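Both ligands and their constituent atoms are indexed starting at 1 by order of listing. Values in this document were obtained by computation on a predicted structure and should not be read as measured data.
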Amino acid sequence: MKTVSLPDLPYDYKALEPVISAETLRRHHDKHHLAYVNGTNAALEKLNKYQSEGGEIDIKAVLRDLSFNYNGHKLHDIFWKIMRPPQENNEPNDRLKSILAAEFASWESFMKEFSAAAVAVEGSGWAMLSKTADGLAINQVEKHNALCLAGSQAILVLDVWEHAYYLDYQNDRKTYVEKWWQVVNWEEVAKRLG
Ligand code: MN
C-alpha cells in the first residue's frame, strides 16, 4: 500500500451552511481527516521498516491502526464527495429512486431505514449504503472499520461521530441526520452506484 494524502474539499468551508457550519467543516477536514491520513502513513511507515529491515513490531497494534486510520481516511474522502450546497426538496432522479425502491420497498422506506441506522449507531460511527454482490444494503459502521460488509462498495456514507455535528447540533444527532439529506449530492451517488 502507498502513502496517502489529504484531498482538498470539493467546495469551500461555507458551502454546506446552514446544514453544516464552516467551523465544523474546517475542523472536520483540516484536523480530523488529516489525523487519519497521518495515522495511515505512520502505520505504513512502521510496516515498510519491518518489511525492509526486520526487527520487532507489535503487528496486531500496527494493523489495527492501519485499519482504523485508512478506513477513516477513505470514508471521509467519500463523505466530502457525496455532499454539495443545500437544496430544497433535494431528492434523487427517478432512475435512482426506482433502484432504491426496488431494494428497500420504496424511496421513503430507504430514507427512513438509513436515517434510523444513522441515529442508532452506538458511539462513534457511520451509516452506510453498500453495494454488495447481492444487491444494496444499509449497514452501520462502528468507529471507521467495524461491521462493514465484506466485499462491498460504499455508495452513500454519513458521518455520525460527534465531531461531525456537535458544534452545530450539540447532542441532537437526530436533527443533524434530518437536515443532512439537504446536502446529499445525488448525482454523485448515482455515479458511484454505476
Ligand atoms: Mn469524521
How about H32 and H76: does a side-chain donor come under 3.5 Å of a side-chain acceptor?
no

Do R27 and E23 meet the salt-bridge criterion of a basic N to acidic O distance under 4.0 Å?
yes

Value rounded to 0.5 Å, distance of CE in M111 from CZ in F114:
10.5 Å

Note: E178-K174 ion pair, threshold 4.0 Å (strictly below):
yes

Which residue pairs pass the side chain to side chain donor-acceptor pair (under 3.5 Å) test when at least one of the two sits in residues 34-56, sequence neighbours left out?
Y36-H144

Within a distance under 2.8 Å of the Mn ion (ligand 1), the protein atoms of type N, O or S are H28 NE2, H76 NE2, D159 OD2, H163 NE2

Compute the ring centroids of W161 and Y166, then answer whether they are less than 6.0 Å apart.
no

